[in-house]
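Both counts, for ligands and for their atoms, begin at 1 and track the order of listing. Nothing here was measured: the structure is a model prediction, and the numbers come from that model.
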Amino acid sequence: MKLKVPENISSLVPYPPGKPIEELEREYGISGSIKLASNENALGPSPKAVAAIRDNLGKLHRYPDGSSYYLTSRLAEKLAVNPDQIVFGNGSNEIIELLINTFLACGDEVITSNPTFLVYQKMVQARGGVNRVIPLKKIPGQHLAGHGGGTPLGVGHDLGAILSLINGRTRLIFLDNPNNPTGVIFSKADFEAFLAEVPDEIIVVLDEAYVDFVAPALQIDVRDYLDRQTPVVGLRTFSKAYGLAGLRIGYGLMSREIAGYLHRVRQPFNVNLPAQIGALAALDDDEHYYRTLDLTREGIAWLTKEITTLGCTVFDTHTNFFLVDAGRNCRELYEKMLTKGVIIRPMAAYGYPEYIRITVGLPEENRRLVNSLKEALAELRED
Ligand SMILES: *Cc1c(COP(=O)(O)O)cnc(C)c1O
């Protein structure tokens, strides 16, 4: 084929998703595997969401409500914001894409960190924008007890360095808080000092995919900033705390003006019917939500203790996953874990080859993870 593919597209690297369980079992001929690689909810989906979706399957021949009316109304009530400050998407990933497609012209710049959620930079590149990237900075006290022997790398957003990259072509700044893959957060005071220096025409995007797992006293409430001179957009998702990653639904909180532009650009039926029904039910499933938070908190504490004992360095985290410095190239460790039926996430694609990222599982999954990791590390030392 003689395709004419623009350079920004031909040089794009596909997103490396966590390995699906079915794929692992097919390739290795094993069963009973566990996946602790994609920050999914170990408890499964909200049971209320599942029941509501089941009750509505007979409506699948209809187009969904293009305005997600009931879901938007309920969320607006729950968050005490105006319905016209909410935009739903096919995952918060779609809101990221919409912001980039709406506000970026060819050659405009977007500032992100490295490592961070890989989707921002990919979408900027696909759009013909320019990625300006600042490495995460080292933060004293964030590299916890234990020693993997690897070089401690940066783990927190370097807000000062981000400010220094701003110029006349900067349109958007993406900050995931907590950061994926490190789990580290910045404070409200740091955020406010930063915002005060950002020129008014630049949109600051605060990706709060893991905000549910952050202690309330440490959360930055993005609602306080929606109508400021410097526009702030908050991104949230049903994929993590609500256990609905497979449904694909997330949303942005923003000023009415920004929402208006996103609505013009988005597809008319971007949020499917089961997603609207499921998310609406999940919003009121407090039992599942709080069980998720408890399970996560307990899992993080237990795993941190156990994995540190294995000689790895574990980072302090404010999410449902944590970063581990194994002190060795993790490609083999990842492969070894796969043969034991445990899927974790190697961090080479994020530029941290000696690190792995592990999602908190159910207690029995966490035990299996620790046992497999112990065996794998011992076997690698022998090889
Ligand atoms: C998981 C995650 C999301 C969620 O994306 P969805 O499209 O809503 O599933 C967004 N941002 C970050 C940083 C994440 O880790």
Side-chain angles (χ1 to χ4, degrees), residues 15-18 20 35-42 45-46 49 68 71 75 86-101 110-124 133 136 155-157 172-186 204-214 219-220 222 233-254 262 266-267 270-272 274-276 278-279 282-283 292 296 315 317-323 344-345 347 349-350 352 355 357-360:
Y15 178 76
K35 181 182 177 195
L36 300 172
S38 296
N39 306 340
E40 293 149 345
N41 189 322
S46 147
S68 300
L71 178 58
L75 183 66
I86 301 173
V87 178
F88 276 96
N90 182 44
S92 53
N93 270 264
E94 191 192 9
I95 311 295
I96 296 169
E97 185 175 34
L98 281 171
L99 285 164
I100 289 167
N101 288 349
V110 175
I111 307 178
T112 49
S113 300
N114 182 57
T116 190
F117 194 44
L118 298 173
V119 171
Y120 313 135
Q121 288 162 21
K122 287 177 58 58
M123 289 179 175
V124 169
V133 180
L136 293 182
V155 290
H157 289 291
L172 292 154
I173 299 172
F174 283 93
L175 297 168
D176 46 353
N177 189 56
N179 171 267
N180 178 5
T182 69
V184 168
I185 53 172
F186 48 80
V204 176
V205 184
L206 199 61
D207 184 345
E208 302 194 306
Y210 301 96
V211 70
D212 307 87
F213 303 105
V214 179
Q219 289 179 11
I220 295 174
V222 76
V233 172
L235 301 182
R236 305 227 178 129
T237 180
F238 285 86
S239 297
K240 311 286 158 61
Y242 293 93
L244 299 176
L247 266 191
R248 311 304 305 124
I249 182 155
Y251 59 94
L253 298 173
M254 63 200 79
L262 263 54
R266 74 172 172 86
Q267 291 188 28
N270 62 329
V271 182
N272 69 71
Q276 292 184 34
L283 268 184
T292 299
T296 305
F315 290 85
T317 183
H318 298 270
T319 61
N320 65 345
F321 64 83
F322 54 96
L323 190 64
I344 54 178
R345 194 72 164 262
M347 288 287 102
Y350 291 75
Y352 281 23
Y355 289 62
R357 195 191 65 197
I358 299 172
T359 307
V360 176

Heavy atom of the protein closest to [atom] (residue, atom name, distance):
| atom | result |
| --- | --- |
| atom 2 (C) of ligand 1 | K240 NZ, 2.4 Å |
| atom 4 (C) of ligand 1 | S92 OG, 3.4 Å |
| atom 9 (O) of ligand 1 | S239 OG, 2.6 Å |
| atom 15 (O) of ligand 1 | Y210 OH, 2.6 Å |
| atom 7 (O) of ligand 1 | N93 ND2, 2.5 Å |

Note to self: Centre-to-centre under 6.0 Å for F322 and F315, is that the case here?
What the structure shows: no
Any atoms of ligand 1 less than 4.0 Å from a non-hydrogen atom of [X]? List them with their elements.
| X | answer |
| --- | --- |
| G91 | 6 (P), 7 (O), 8 (O) |
| R248 | 6 (P), 7 (O), 9 (O) |
| A209 | 2 (C), 3 (C), 10 (C), 11 (N), 12 (C), 14 (C) |

Side-chain donor/acceptor pairs under 3.5 Å, residues 205-214, sequence neighbours excluded:
from: D207; atom 1: OD1; to: A209; atom 2: N; distance (Å): 3.2
from: D207; atom 1: OD2; to: Y120; atom 2: OH; distance (Å): 2.7
from: E208; atom 1: OE1; to: R236; atom 2: NE; distance (Å): 2.9
from: E208; atom 1: OE1; to: R236; atom 2: NH2; distance (Å): 2.9
from: Y210; atom 1: OH; to: N39; atom 2: ND2; distance (Å): 2.8
from: Y210; atom 1: OH; to: K240; atom 2: NZ; distance (Å): 3.1
from: D212; atom 1: OD2; to: Y289; atom 2: OH; distance (Å): 2.6

- Item | Check against side chain to side chain donor-acceptor pair (under 3.5 Å), T116 and D176 | CA-CA 7 Å; T116 190; D176 46 353; 2.9 Å; yes
Contact between V110 and M123 at the side-chain level, heavy atoms closer than 4.5 Å - yes or no?
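They are not in side-chain contact.
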| atom 11 (N) of ligand 1: which of D207, I249, T319 has the nearest heavy atom? |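 The option holding the nearest heavy atom is D207.
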Go through the steps for T319 and N180 under the test side chain to side chain contact (heavy atoms under 4.5 Å, CB included), then give the verdict.
CA-CA 9 Å; T319 61; N180 178 5; over 6 Å; no
Under a 3.5 Å distance rule, please check whether N270 uses its side chain to pair with a backbone N or O of F88 as donor and acceptor.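 Present.
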Within the 3.5 Å criterion, strictly below it, is a donor on N177 or H318 matched to an acceptor on the partner's side chain? no
At under 4.0 Å between heavy atoms, what of E94 touches ligand 1? The answer is neither
